[in-house]
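What follows is a single structure, written as structure tokens, with notes after it.
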Amino acid sequence: MGRDAMRMVDVGGHALHLREAGDPRGAPVVFAHALGTDLRIWDAVLAHLPTGLRLLRYDLRGHGLSDCPPGPYGMGALVRDAERLLDALNVRGAVFVGLSLGGMVAQGLAIKRLDQIRALVLSNTATKIDTKDIWDRRIAEIRAGGMAAQSSATLERWFSRDFRAGPGMAIWRNMLERQTVEGYTGCAAAVAGTDFYTPTSGLRLPVLGIAGSEDGSTPPDLVRETVALIPGSRFELIRRAGHLPCVERPVTYAALLTRFLKEIGHV
Ligand SMILES: O=C(O)CC1=CCC(=O)O1
């Protein structure tokens with residue numbers, strides 16, 4: 001992976017935390033994480049990608065080390081953040097890898113700015129995730145009880161039973177519980193208000209879908225149906241993994257991503 005530089009990038013009144021690795025002149029690959037996580041979910045995947053790529057991962061607003069403007073947010077604001085970030089970095093023709101909420105941002109960006117994006121990886125995501133009622137209840141519980149009120153239930157959706165029994169869990173619980181209530185609920189409101197079914201059905205670009213066999217948030221069939229909306233897309237299932245296969249199965253995840261990058265001539 002080589003160098004790995006970090007910096008804050010202003011996207012119009014607030015700043016996003018960016019880490020840039022690989023070859024600065026290489027073909028760009030951008031990574032956007034899930035709700036309640038941060039850019040660390042990609043670390044182990046990046047270590048297994050080929051050299052020669054420009055690897056950009058960032059914390060979404062209200063997450064990780066990025067600023068947290070007052071919520072709630074709309075999906076349009078999260079897509080605008082990504083758009084301004086890529087403009088600030090002079091990125092064109094990127095492969096955008098988005099997981100869950102990050103996959104919704106990926107769809108929104110491809111709908112709006114095809115000059116910035118040449119292909120998508122839609123990982124553990126959908127055009128619509130859960131109902132507004134489910135999100136309203138989750139948001140209310142977290143506002144009342146803090147991040148810990150939902151963390152055990154969330155970790156069950158994120159990880160397979162075997163992985164949850166292993167030694168790494170404290171790190172991921174810590175990542176989730178340290179997100180701010182404002183940032184998490186702000187982005188949760190964006191997910192609650194999003195249904196990209198119609199615009200995503202109109203997308204025409206190379207797409208790889210990735211699902212985890214034990215995903216409790218976006219089950220394999222939902223991801224399969226989502227990517228099937230886009231002609232020519234391919235779907236891959238990672239076994240013995242939950243909602244964050246990039247954390248549970250980084251070598252497999254990197255291999256699928258590398259194969260896709262080679263197929264489309266990005267590497
Ligand atoms: O918390 C979950 O259930 C998983 C999730 C939904 C949207 C997202 O980004 O993560």
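Note that the numbering runs from 1 along the sequence shown for the chain. Both counts, for ligands and for their atoms, begin at 1 and track the order of listing. This is a predicted model, so every value here is computed, not measured.
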Under 3.5 Å, which donor-acceptor pairs do the side chains of residues 156-163 form with other protein atoms, sequence neighbours left out?
{"from": "Arg157", "atom 1": "NH2", "to": "Thr154", "atom 2": "OG1", "distance (Å)": "3.1"}
{"from": "Ser160", "atom 1": "OG", "to": "Phe163", "atom 2": "N", "distance (Å)": "3.3"}
{"from": "Ser160", "atom 1": "OG", "to": "Glu248", "atom 2": "OE1", "distance (Å)": "2.6"}

Parallel, tilted or perpendicular: which fits the ring planes of Trp42 and Phe31, with parallel below 30° and perpendicular above 60°? tilted
Applying side chain to side chain donor-acceptor pair (under 3.5 Å), which residue pairs with at least one partner in residues 195-206 are found, sequence neighbours left out? Gln107-Thr200
Tabulation required: pairs of a nitrogen or oxygen in ligand 1 and a protein nitrogen or oxygen under 3.5 Å; columns are atom names and distance to 0.1 Å; otherwise 'none'.
{"from": "ligand 1", "atom 1": "1 (O)", "to": "Arg138", "atom 2": "NH1", "distance (Å)": "3.0"}
{"from": "ligand 1", "atom 1": "1 (O)", "to": "Arg157", "atom 2": "NH2", "distance (Å)": "3.3"}
{"from": "ligand 1", "atom 1": "3 (O)", "to": "Arg138", "atom 2": "NH1", "distance (Å)": "3.4"}
{"from": "ligand 1", "atom 1": "3 (O)", "to": "Arg157", "atom 2": "NE", "distance (Å)": "2.6"}
{"from": "ligand 1", "atom 1": "3 (O)", "to": "Arg157", "atom 2": "NH2", "distance (Å)": "3.3"}
{"from": "ligand 1", "atom 1": "3 (O)", "to": "Ser217", "atom 2": "OG", "distance (Å)": "2.7"}
{"from": "ligand 1", "atom 1": "9 (O)", "to": "Leu35", "atom 2": "N", "distance (Å)": "2.8"}
{"from": "ligand 1", "atom 1": "9 (O)", "to": "Ser100", "atom 2": "OG", "distance (Å)": "2.8"}
{"from": "ligand 1", "atom 1": "9 (O)", "to": "Leu101", "atom 2": "N", "distance (Å)": "2.8"}
{"from": "ligand 1", "atom 1": "10 (O)", "to": "Ser100", "atom 2": "OG", "distance (Å)": "2.9"}
{"from": "ligand 1", "atom 1": "10 (O)", "to": "His243", "atom 2": "NE2", "distance (Å)": "3.4"}

What residues form a ring pair (Phe, Tyr, Trp, His ring centres under 6.0 Å) with Tyr73, not counting sequence neighbours? none
Carboxylate-amine/guanidinium proximity below 4.0 Å for Arg137 and Glu141: no
Min side-chain heavy-atom separation Arg54-Leu56 under 4.5 Å: yes
